Q: 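For reference, the structure I am asking about is given below.
In this text the structure is predicted, and so the values were computed from the model without any measurement. Just so you know, ligand 1 is whichever comes first in the structure, and atom 1 is the first atom listed for that ligand. Reckoned from all heavy atoms, side chains included, excluding hydrogens, waters and symmetry mates.
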Amino acid sequence: MKIIRYLDAGGKIKFAAQQPDGTALEIAGDIFGDFKITRQPAAVKKLLSPVMPITLLCIGLNYRRHAEESKVPVPQYPVLFLKAPNAVVSPGDPILLPRHQRSEEVDYECELAVVIGKPCKNVSRDRALDHVIGYTCANDVSARDWQLKRGGGQWCRGKTYDTFAPLGPCLVTKEDIPNPNALSIKTVLNGEVMQDWNTGDMIFDVPALIEFLSGSMTLLPSTVILTGTPHGVGMARKPPVWLKAGDQVTIEIEKIGALTNPVAEERTA
Ligand code: MG
């Protein structure tokens with residue numbers, strides 16, 4: 001099932017289930033608890049990120065060739081950093097280039113996003129996917145100058161500017177993606193394919209990440225896990241490719257769909 005989150009004409013936030021014919025039917029209840037699909041057609045005024053996460057747990061360097069292009073060793077344990085909910089934006093919303101605390105090196109990263117559906121702590125890898133509600137596309141937008149040169153060794157500063165976590169376009173429930181580590185994943189920038197790989201190549205697969213993360217912290221419903229990006233990021237290109245105003249970035253994942261965001265400059269006045 002594909003679940004969307006949206007604003008209706010009255011400004012209410014609702015959920016709906018997309019139908020094979022392209023329409024959507026309103027969902028009554030809580031997608032993280034009890035809910036049912038009604039017969040009421042959804043009147044979508046604006047598509048929203050499919051969840052508003054309580055937190056975003058992000059894994060760095062989780063594909064071998066991306067670790068190589070970043071000129072760092074393949075990690076022995078998953079590399080964890082956080083984005084805060086302020087960074088989340090919806091399909092079609094602009095990614096804002098920081099112009100106050102300025103960045104000149106804003107980059108894209110296509111990532112499979114795992115959405116936790118049930119609380120979990122100390123879960124083993126064979127039960128890990130029981131706690132997942134589904135999957136969506138994410139763009140782990142990164143200000144490389146603040147991430148790598150001015151962050152004191154911490155990545156969060158460059159990773160969690162406002163608008164740096166586009167999510168969408170829908171949440172595909174886990175029944176439709178029995179194996180999250182067998183999906184093609186790509187970034188298309190202004191029509192040009194920049195990253196094109198497969199989630200089967202993760203160093204730590206989705207069950208391993210849930211086992212690892214839940215081993216130190218309780219994962220609550222609506223937690224989003226960004227699972228890392230494959231090679232082909234802008235910083236590793238010669239010359240580097242940085243996002244600029246007027247760009248269009250699309251993240252595409254097999255069985256989920258396409259998440260497109262324009263790029264604009266932050267207004268500081
Ligand atoms: Mg990333």
Q: As a test of reading the structure, name the N/O/S atom of Glu109 that is nearest the Mg ion (ligand 1).
A: OE1

Q: Going by distance alone, is a donor N or O of one side chain under 3.5 Å from an acceptor N or O of the other, for Lys159 and Ser142?
A: yes

Q: Ignoring hydrogens and geometry beyond distance, is a side-chain donor-acceptor pair present between Asn190 and Asp247 at under 3.5 Å?
A: yes

Q: Which atom name would you report as the N, O or S atom of Glu111 nearest the Mg ion (ligand 1)?
A: OE2

Q: Would you indicate whether the side-chain heavy atoms of Gln195 and Tyr108 approach each other to under 4.5 Å?
A: yes

Q: Are Glu175 and Thr173 linked by a side-chain donor-acceptor pair shorter than 3.5 Å?
A: yes

Q: Would you name the N/O/S atom of Asp140 that lies closest to the Mg ion (ligand 1)?
A: OD2

